Amino acid sequence: MCGIVGYIGEQNGIPIAIEGLKRLEYRGYDSAGLCYFKNKKLHISKKKGKVADLEELINKKDSSSIVMGHTRWATHGKPIDKNAHPHFSMNKKLAIVHNGIIENYDSLKEGLIQKGYKFRSDTDTEVLINLIEYIHSDLKLSLSETIQQTLTQVVGAFSILVMSNEDPETIIIAKNGSPLVIGVGKEEYYIASDPSPFLKYTKKAIYLDDGEIAEISRNKLSILTIDQKIKSPVIKQLTMELEEIEKGGYETFMLKEIYEQPKSIVDTLRGRILQETQTIKLRGFNESIENFKNSKRIIIVGCGTSWLAGLVAEYIIEGLAKLPVEVEYASEFRYRDPVIYKNDIVIAFSQSGETADTLSALKLAKEKGALVYGICNVVGSSISRLVNVGTFTHAGPEIGVASTKAFTAQVSVSILIALALAKIKNNISKNDFNQITNELKSIHQKMQFTLSKCRDNIKEIAKKYKNAKNALYLGRGVSFPVALEGALKLKEISYIHAEGYPAAEMKHGPIALIDENMPTIIIATNRRNYEKIFANAQEIKARNGKLIAIVSEGDNQISKIADDFIEVPKTNYYLSPLINIIPLQLFSYHIAKMRGCNVDQPRNLAKSVTVE
Ligand code: F6R
């Protein structure tokens, strides 16, 4: 959470930083601010609200070749002007932008107050910059040595950029737990939470590791670790293209990403299914094949939509490969002292690869000796660097805060892992393997068909239900987690309260909510539990509930009793989440748009949750 940018070079860094912050707004949009040199002094402009509001505030004539900026997702302190970053130190000698949380800020603040420090904001960040200022004046060290000393006293996750009044040629940056990457230009450097702000200018990037501090001036970069070892920078060539992070004619990123799903599945599956040899080619899996052979269970950890993709994976892996799977919220797993055996495989699902709880859950599992496997979308992310092995989803950058294409890409990788595992465990017939892989190879066509066919129908249905106060989503088997994901999409972007339930569980409580105002969305595409879900549908109608059914083409039972229905192409049971989620994503999308909500930046949310 929170996005940070920095620039040092020949150009005017102010428009570069503003544009960079706009690209990072998916990380938080409570307030925004810039720090640069004006009349040879550090100058800060900051404001509650979006980067566009900040832009208005900045004098168009200002120019500075060294700039840092921040877009905030509030943790400590309300989203008001005074808590916006950057923050000055008390004597305005230094300024900082910070992404993360300083856990021991309270005791540090107490110590500083006793030394006469006064605070202008409610943030943990201001404590950090005052501590740096205090140590700087006390120990008379260079700024980078001071920061290195200070960070040994700090507990928490952070990435920071610091500028000093005394040195208008240098930015010092440090990272521990929150992402930070340096773009390398010609006699200029860009700094950001991810490469999107500088992709337009350079594709050369240095990913800072945890515990590293870099001192950056226009033509010099040096990296040292908190324990004072010098590190040589490793420059990576980025493969991401600028078009991937732009809207490309769509009205929102979310809509673009929903429509990109067929392509993202093709990209994720490319080269990974070898039908001639009946094999699945996943490097991470193959490198740890002995671990998979010896493992007695898989534990999946993740948060939000990634956790839900993990739940889908549980049905698929247990169903196809017959290996027990447990799925846990990363935040619960890490704090409940879980029993982890050395032959467990712990798989993390994470689009960003930066989610703090997922990262910590993996660290714990690794410490306890389990093999840790990552399914991530972002190359170079913290999780992808921590894991023993892993598989990237090639969904391309996901910028809309609500996850869509990452979910389907994660599900498609789960199917591949399940098939690979089923093969090595001899739990799948040649026939079934061929049938599923054939279907998987062409599933993007059915996804495309669903997207085109549902477009107008769903808009009409959304119009009818846009004023609902609550909604219930039901599914059985592998459609149950899809129902949960449908409910999550609706609540996060349209602010309508929605619950997902296994359809049979409805009778044990939620049925009490059913009345003529309550829409229930039921996923009823799978033959294997069709009669049961038909009975659930009738129970809803018997209580005057409004029923919206997702059914297979040609359905003539549930569609007859439903108030509204959406037909989708038939597919294999294990592949059905890839199709069934599409109408649910579009339904939420259109409802949210009709209610006037900002679907790309829903209130209170941020894309990359790098705090616990
Ligand atoms: C929901 C959503 C979040 C994320 C969650 C995990 O639409 O986007 O629930 O799925 O914050 O994020 P990643 O996958 O980056 O670990």
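Because the structure is a prediction, the values reported are computed rather than measured. Both counts, for ligands and for their atoms, begin at 1 and track the order of listing. Side-chain atoms are counted along with the backbone in the values below, which use heavy atoms only and exclude waters and symmetry mates.
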#### Entry: Carboxylate-amine/guanidinium proximity below 4.0 Å for Arg297 and Asp344
yes

### Task
Answer side chain, backbone, both or neither: which part of Lys489 comes under 4.0 Å from ligand 1, heavy atoms only.
side chain

### Message
For Tyr465 and Asp564, which I'm curious about, is there any donor-acceptor pair between the side chains at under 3.5 Å?
### Response
yes

### Message
Any donor-acceptor pair under 3.5 Å linking the side-chain atoms of Gln585 with those of Thr404?
### Response
no

### Query
Which of the atoms of ligand 1 are close to Ser306, meaning less than 4.0 Å from one of its heavy atoms?
10 (O), 13 (P), 14 (O)

### Message
Within ligand 1, which atoms have a heavy atom of Ser350 less than 4.0 Å away?
### Response
13 (P), 14 (O), 15 (O), 16 (O)

For [atom], what is the nearest protein heavy atom, given as residue, atom name and distance?
atom                    : result
atom 6 (C) of ligand 1  : Cys303 O, 3.3 Å
atom 4 (C) of ligand 1  : Thr305 N, 4.0 Å
atom 7 (O) of ligand 1  : Glu492 OE2, 2.6 Å
atom 11 (O) of ligand 1 : Val609 CG2, 3.9 Å
atom 15 (O) of ligand 1 : Ser352 OG, 2.6 Å

### Message
Below 30° counts as parallel, above 60° as perpendicular, anything between as tilted: where do the rings of Tyr329 and Trp307 land?
### Response
parallel

### Task
If the plane angle is over 60° it's perpendicular, under 30° parallel, otherwise tilted; pick one for Phe292 and Tyr373.
perpendicular

### Message
Out of Thr355, Asp357, Val401, who is nearest to atom 16 (O) of ligand 1 when you count heavy atoms only?
### Response
Thr355

### Query
Within a strict 4.5 Å, meaning less than it, do heavy atoms of the Ser31 and Asn83 side chains meet?
no

